[in-house]
K.L.:
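The structure's right below; bear with me while I get my questions together.
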Amino acid sequence: MIGIIGAMEMEIEGLRAKLENPQSETISGIRFDWGTINQVPCTLAVCGPGKINAAVCAQTMILRFHPQLLINSGVAGGIGKDVHINDVVIANAVVQHDVDTSPLGDPVGLISGLNIIEIPADKTAADVLTKKAQQVYKGNVFHGIIATGDQFMADRAKIAAIAEQFHAMACEMEGGSIGQVCYMNQIPFAVLRTISDNGNDEAVEDFPKFAREAADRSIELLATALPALAQAL
């Protein structure tokens, strides 16, 4: 079983349409759909935007469906050098840029209890997604750090600071918390993000213009990669 979480309906609905023998259940207000895609057992969910929604969804999916791999898929703001709209960023690690206990002497981004800043994504899954993306995707494919926080980024100075602080290539609102839940449960995870905007002053206009196309690209790439991911588990 591979679990797939998106923040918005448009990030999951295309995968839901591909489910064979679909079933559905609502838990904690979150709809979970499961069946097979390209003969791979999958569970899908739309968590809603933000870190708490994503964490509740991920923990519920783990306890109810016991996925061998959990994937967060969708759109993001591209903040790394040369990362543009419709490119793909696949995480080798996730960070939470809005976690800050630095007044107590901690580095910015340190997750208390875990005592780490960068939560490593599953290397095997990341490598499979990267290789498949390079084969089937027309945009640029990047492999790097994805930063998460409870803000929609539309500020050039803020994204520059996040990119510099964490060496991040993309910024979004769910992957870091899903990564933390998976890390705590010892579940391999991957984060796949297609770029819908660049998190700058034009993001408010760019996001609605390009988000649907970016989400559709993530869906098609993920559906194509599922058999290779299942084989690699």
K.L.:
Check the pair Glu118, Asn92 against side chain to side chain donor-acceptor pair (under 3.5 Å), reporting the backbone distance first and the verdict last.
P.N.:
CA-CA 9 Å; Glu118 296 181 8; Asn92 57 22; over 6 Å; no
K.L.:
Once rounded to the nearest 0.5 Å, what's the spacing between atom CG of Asp150 and atom CG of Asp98?
P.N.:
5.5 Å
K.L.:
First locate atom CZ of Arg64, then atom OG1 of Thr43, and finally report the distance between them rounded to the nearest 0.5 Å.
P.N.:
8.0 Å
K.L.:
Provide the full list of ring-ring contact (aromatic ring centres under 6.0 Å, His included) pairs with a residue in residues 86-131, sequence neighbours left out, each pair given once.
P.N.:
none
K.L.:
Rounded to the nearest 0.5 Å, what separation is found between the CD1 atom of Ile4 and the CE atom of Met61?
P.N.:
8.0 Å
K.L.:
Do Arg16 and Val46 touch side chain to side chain, with heavy atoms closer than 4.5 Å?
P.N.:
yes
K.L.:
Using the rule given for side chain to side chain contact (heavy atoms under 4.5 Å, CB included), can you reason through Val191 versus Glu172, listing the C-alpha separation, both sets of side-chain angles and the distance that settles it, and then say yes or no?
P.N.:
CA-CA 11 Å; Val191 180; Glu172 36 86 303; 4.0 Å; yes
K.L.:
Apply salt bridge (charged side-chain N to carboxylate O under 4.0 Å, His left out) to Asp127 and Lys123, showing your working.
P.N.:
CA-CA 6 Å; Asp127 287 346; Lys123 186 178 185 304; 2.7 Å; yes
K.L.:
Just verifying a value: how many Å separate Cys42 SG and Leu229 CG, rounded to the nearest 0.5 Å?
P.N.:
9.5 Å
K.L.:
Taking all heavy atoms of Ala223 and all of Asn38, pick out the closest pair and write down the distance.
P.N.:
O-ND2, 2.8 Å
K.L.:
Listing request: all ring-ring contact (aromatic ring centres under 6.0 Å, His included) pairs with a residue in residues 10-52, at least two apart in sequence or in separate chains.
P.N.:
Phe32-Phe65, Trp34-Phe65
K.L.:
According to side-chain contact (heavy atoms from CB on, under 4.5 Å), who are the partners of Pro22, at least two apart in sequence or on a separate chain?
P.N.:
Leu19
K.L.:
What do the steps show when you test Ile62 against Met184 for side chain to side chain contact (heavy atoms under 4.5 Å, CB included), and what is the final call?
P.N.:
CA-CA 11 Å; Ile62 289 169; Met184 294 170 71; over 6 Å; no
K.L.:
Please step through side chain to side chain contact (heavy atoms under 4.5 Å, CB included) for the pair Lys132 and Leu221, ending with a clear verdict.
P.N.:
CA-CA 8 Å; Lys132 186 62 66 173; Leu221 173 55; 4.1 Å; yes
K.L.:
So does Asn115 have more than 12 non-hydrogen atoms from other groups sitting under 6.0 Å from CG?
P.N.:
yes
K.L.:
Which value, rounded to the nearest 0.5 Å, describes the distance between Phe189 atom CZ and Ile178 atom CD1?
P.N.:
9.5 Å
K.L.:
Answer yes if Ile5 and Val40 sit in the same cluster of Ile, Leu, Val, Met, Phe, Trp and Tyr residues linked by side chain heavy atoms under 4.5 Å apart, and no otherwise.
P.N.:
no
K.L.:
Say you draw a straight line from CD1 of Ile52 to CD of Glu174; how long is it, rounded to the nearest 0.5 Å?
P.N.:
12.0 Å
